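Fair warning: this is a prediction, and the values are worked out from it, not measured in the lab. Below, all heavy atoms of this structure are taken into account, side chains as well, without hydrogens, waters or symmetry copies.
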Amino acid sequence: MATRRKPQQESKGWLSKFVQEFGWDVLLGSIAAFYVFMVPYTKVEESFNVQAMHDILYHRHHIGKYDHLDFPGVVPRTFIGALLVSILASPVVLVLHLLHAPKFYSLYAVRLVLGCITLSSLRSLRIEIRRKFGYHVEAFFVILTSVQFHLLFYSTRPLPNIFAFCLVTLAYSSWFRGDALSTLKCLTIATAVFRCDTVLLFGTIGISLLLSKSVSMKEAIKCCISTAFLCIGLTILVDTIMWGRVLWPELEVFWFNSVLNRSSEWGTHAFHWYFTSALPRSLLVAYPLFMLALLLDRRLWQYIVPVFSFVLIYSKLPHKELRFIIGAVPIFNVAAAITASRVYNNRKKTLWRWIYIGMLVSILISLGCSIVTFMASYENYPGGYALKALHQAVETMNTTMDRRVHIDPFAAMNGVSRFLENNPPWSYSKEEGITLAEYHTRNFTYLLSEHSKIDGFQCLFFVDGFSKSRLQIGFPPIILLRDPKVFVHGNIGHEDIALSNWPGCL
């Protein structure tokens with residue numbers, strides 16, 4: 001006679017299945033969420049999408065109030081990513097509004113939603129890694145990703161690169177699954193809508209698929225052209241409405257960056273920078289492990305060579321940033337995980353045992369490097385911290401005066417977004433081109449500025465920011481140095497400011 005399972009056994013069985021199926025996702029998601037709550041502010045690179053999300057959620061169909069009309073940026077970007085995230089986050093934002101929660105909490109909401117999208121794409125890749133290479137490789141893929149800083153830190157940041165990253169990661173999943181057409185579709189969407197430079201990755205992977213006869217030339221052309229037409233039509237439709245002119249954003253970005261080569265105005269690096277600086281900092285211990293993988297497992301050549309070639313070709317552009325090649329990181333992590341799995345499986349052999357110990361030590365060192373990098377990043381948003389501190393200080397004062405805040409470009413680029421703005425009587429200005437001598441004629445109550453002295457204003461307090469790191473003998477081996485970055489000034493013509501007790505500036 002069969003016996004019924006006890007509720008406790010059923011509970012343990014359910015928990016075990018959940019951990020087995022979603023445990024790795026919870027680990028990656030927890031780290032990404034930690035970064036969101038600890039460093040919620042955004043940089044200038046994220047400005048367009050974060051302001052667009054705010055405007056879609058709070059101004060809705062009143063496009064005339066949108067931030068991009070006053071501050072369009074150097075090149076136009078698509079609204080499709082911001083629109084998708086805003087739609088998914090809108091129920092949470094509605095609840096926050098009904099609870100009269102500060103608007104700042106909505107910034108957490110949109111970033112967490114974006115993180116869920118990014119981590120869902122990583123989950124699809126992880127499942128294919130398990131199917132193709134086994135459980136140990138899957139485990140090491142997650143472990144290596146967890147001890148790296150940049151991938152999970154960027155995963156919730158509303159950059160065009162991250163929207164493209166999600167599609168690129170889905171393309172990798174299809175690639176591992178042997179679905180060549182889905183791989184090409186994902187790369188085509190990423191190229192046409194979010195990042196035109198993904199065409200380089202599309203080219204190298206596409207050539208690989210054709211050479212391996214995974215897809216015929218006729219099928220590939222038919223698939224890519226039909227997908228491209230649909231994507232271009234969608235982005236032109238949406239962005240023409242939002243920008244008020246006929247527009248395909250990524251075409252203008254391609255013309256600006258590649259044809260005119262104007263991106264170099266924002267700084268240049270040597271040809272080898274991605275290989276000698278960006279990838280070592282982002283991959284950490286996975287960098288040497290992925291190179292060893294090429295010797296240990298020939299199956300990886302068909303995946304590594306196209307992605308490596310993408311980075312190599314991209315190196316020809318003089319303006320370089322890690323986020324431009326972040327789509328290559330998952331494949332390099334897969335290769336590194338295969339090496340780590342091979343070392344783990346042979347750890348009982350004499351020579352391999354020492355390699356295994358060295359790998360464990362390197363993983364711990366990588367974790368330490370990520371902690372240091374996080375601490376530096378935490379201090380890298382002085383504009384956001386300054387505006388938050390100003391709000392808190394003024395709200396404790398019993399004053400009825402106007403609260404007109406001017407935010408200079410440096411503060412706006414380093415943490416300030418519309419999600420940080422309070423309701424009236426607060427008002428905000430990001431007007432550019434105002435000279436220091438003009439401020440006292442503009443009747444601003446407060447200024448957030450990179451300048452410590454401004455005529456007609458009293459420096460109320462300042463906020464430090466990360467300056468540089470320094471090695472030292474002792475513990476900790478690395479110390480982070482901070483300097484005053486954003487100064488908050490008050491108009492001396494307002495009696496409440498003159499009589500209030502502010503920390504002041506040295």
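Counted within 6.0 Å of NZ on Lys388, heavy atoms from surrounding residues, nucleotides or ligands total 12 or fewer; the atom is thus considered open. Other residues, nucleotides and ligands place more than 12 heavy atoms under 6.0 Å from the NZ atom of Lys320. The 12-atom threshold is exceeded at CZ of Phe466, counting heavy atoms of other residues, nucleotides or ligands nearer than 6.0 Å.
Using modelled atom types and a 3.5 Å distance limit, the side chains of Glu321 and Trp273 yield no donor-acceptor pair. For the residue pair Ser174 and Asp179, no side-chain donor N or O sits within less than 3.5 Å of a side-chain acceptor on the partner. Side-chain atoms of Thr227 and Thr188 include no donor-acceptor pair closer than 3.5 Å. Between the side chains of Glu438 and Thr441, no donor-acceptor pair of N or O atoms lies under 3.5 Å.
The side-chain heavy atoms of Val488 and Leu447, taken from C-beta on, include no pair separated by under 4.5 Å. Between Glu395 and Arg403, some side-chain heavy-atom pair lies under the 4.5 Å cut-off. Proximity of Phe165 to Leu122: side-chain heavy atoms (C-beta onward) are separated by under 4.5 Å at one or more points. For the pair Ser449 and Ile454, the minimum side-chain heavy-atom distance is below 4.5 Å.
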Next on the checklist: Does Phe149 form a ring-ring contact (aromatic ring centres under 6.0 Å, His included) with Tyr35? I'd like the steps, not just the answer.
Outcome noted: CA-CA 10 Å; Phe149 171 75; Tyr35 290 145; 5.3 Å; yes

Checklist entry - Under the side chain to side chain contact (heavy atoms under 4.5 Å, CB included) criterion, do Val405 and Tyr428 qualify, and how do the steps go? => result CA-CA 5 Å; Val405 183; Tyr428 304 85; 3.9 Å; yes

Next on the checklist: If you apply the rule salt bridge (charged side-chain N to carboxylate O under 4.0 Å, His left out), what do you find for Glu128 with Arg123, and how did you get there?
Outcome noted: CA-CA 9 Å; Glu128 291 304 320; Arg123 171 180 165 79; over 6 Å; no

Item to check | From CA spacing to verdict: salt bridge (charged side-chain N to carboxylate O under 4.0 Å, His left out), Glu252, Arg245 | outcome: CA-CA 13 Å; Glu252 293 199 13; Arg245 61 186 176 94; 2.9 Å; yes

Checklist entry - Going through the distances and angles, do Ile56 and Tyr66 end up as a side chain to side chain contact (heavy atoms under 4.5 Å, CB included)? => result CA-CA 8 Å; Ile56 292 169; Tyr66 279 35; 3.9 Å; yes

Checklist entry - Would Tyr439 and His406 satisfy ring-ring contact (aromatic ring centres under 6.0 Å, His included), going step by step from the backbone distance to the final call? => result CA-CA 9 Å; Tyr439 277 116; His406 181 269; 5.2 Å; yes

Checklist entry - Are His54 and His59 close enough, and set up right, to give a ring-ring contact (aromatic ring centres under 6.0 Å, His included), and what steps lead you there? => result CA-CA 8 Å; His54 169 277; His59 297 315; 5.7 Å; yes

Next on the checklist: I'd like to know whether Arg323 forms a side chain to side chain contact (heavy atoms under 4.5 Å, CB included) with Leu159, so could you lay out the CA-CA distance, the side-chain angles of the two residues, the decisive distance to 0.1 Å, and finally the verdict.
Outcome noted: CA-CA 9 Å; Arg323 60 190 173 94; Leu159 292 158; 4.2 Å; yes

Checklist entry - Does the side chain to side chain contact (heavy atoms under 4.5 Å, CB included) test come out yes or no for Ser282 and Ile326, once each step is laid out? => result CA-CA 9 Å; Ser282 61; Ile326 197 167; over 6 Å; no

Item to check | Steps toward side-chain hydrogen bond (donor to acceptor under 3.5 Å, both in side chains) verdict (Thr445, Asn491) | outcome: CA-CA 5 Å; Thr445 315; Asn491 193 322; over 6 Å; no

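Under the 4.0 Å criterion applied to side-chain N and carboxylate O atoms, Glu45 and Arg157 are not assigned as salt-bridge partners. Between Lys65 and Asp55 there is no salt bridge, since no side-chain nitrogen of the basic residue lies less than 4.0 Å from a carboxylate oxygen of the acidic one.
In this structure a side-chain-to-backbone donor-acceptor pair under 3.5 Å is present from Ser173 to Leu125. Put simply, the side chain of Asn380 never gets that close to the backbone of Ala376: no donor and acceptor are under 3.5 Å apart. His489 contributes a side-chain N or O that, together with a main-chain N or O of His451, makes up a donor-acceptor pair within less than 3.5 Å. A donor-acceptor pair under 3.5 Å is formed between the side chain of Ser30 and the backbone N or O of Val26.
Of the candidates Phe71, Phe163, Phe79, Phe48 forms a ring-ring contact (aromatic ring centres under 6.0 Å, His included) with just one, namely Phe79. Of the options Ile205, Leu170, Val168, a side-chain contact (heavy atoms from CB on, under 4.5 Å) to Thr183 is made by Ile205 and by none of the others. Checked options Phe419, Phe37, Tyr41; the residue passing with Phe104 is Tyr41 (criterion: ring-ring contact (aromatic ring centres under 6.0 Å, His included)). A salt bridge (charged side-chain N to carboxylate O under 4.0 Å, His left out) with Lys430 holds for exactly one of Asp408, Asp67, Asp70; it is Asp67.
Taking the six-membered ring for Trp and thresholds of 30 and 60 degrees, Trp243 and His68 have ring planes more than 60 degrees apart, a perpendicular arrangement. Using cut-offs of 30° and 60° on the angle between ring planes, the pair Tyr314 and Phe310 is perpendicular.
Rounded to the nearest 0.5 angstrom, Leu88 CG and Leu114 CG are separated by 10.0 Å. Rounding to the nearest 0.5 Å places CZ of Phe457 at 16.0 Å from CZ of Phe487. One distance of note links NE2 of His150 with OG of Ser155; it measures 12.5 Å at 0.5 Å rounding. Between atom CD1 of residue Ile127 and atom CZ of residue Arg177 there is a gap of 10.0 Å, rounded to the nearest 0.5 Å. Here CG of Leu460 is found 7.5 Å from CG of Leu390. Values are rounded to the nearest 0.5 Å. With rounding to the nearest 0.5 Å, the separation of CG in Leu247 from CD1 in Ile236 is 8.0 Å.
In summary, the aromatic rings of Tyr274 and His269 are positioned with their centroids too far apart to meet the 6.0 Å limit. Separation of the Phe34 and Phe374 ring centroids falls under the 6.0 Å cut-off.
The two residues Ser366 and Val285 come nearest to each other via the heavy atoms OG-N, 3.1 Å. Across Glu46 and Pro158, no two heavy atoms sit closer than the pair OE1-CD, 3.6 Å. In this structure, Ala82 and Asn49 approach most closely via the heavy-atom pair CB-OD1, 3.8 Å. Across all non-hydrogen atoms, the minimal contact from Ala164 to Thr198 is CB-OG1, 4.2 Å. Nearest heavy atom pair, residue Ser86 against residue Leu57, reads O-CD2, 3.5 Å. Shortest non-hydrogen contact noted between Thr169 and Ser121 is CG2-O, 3.3 Å.
The cationic group of Lys485 does not satisfy the cation-pi geometry with Phe462, failing either the under 6.0 Å distance to the six-membered ring centre or the 45° limit from the ring axis. Judged by the 6.0 Å and 45° rule, Arg60 forms no cation-pi pair with Tyr58.
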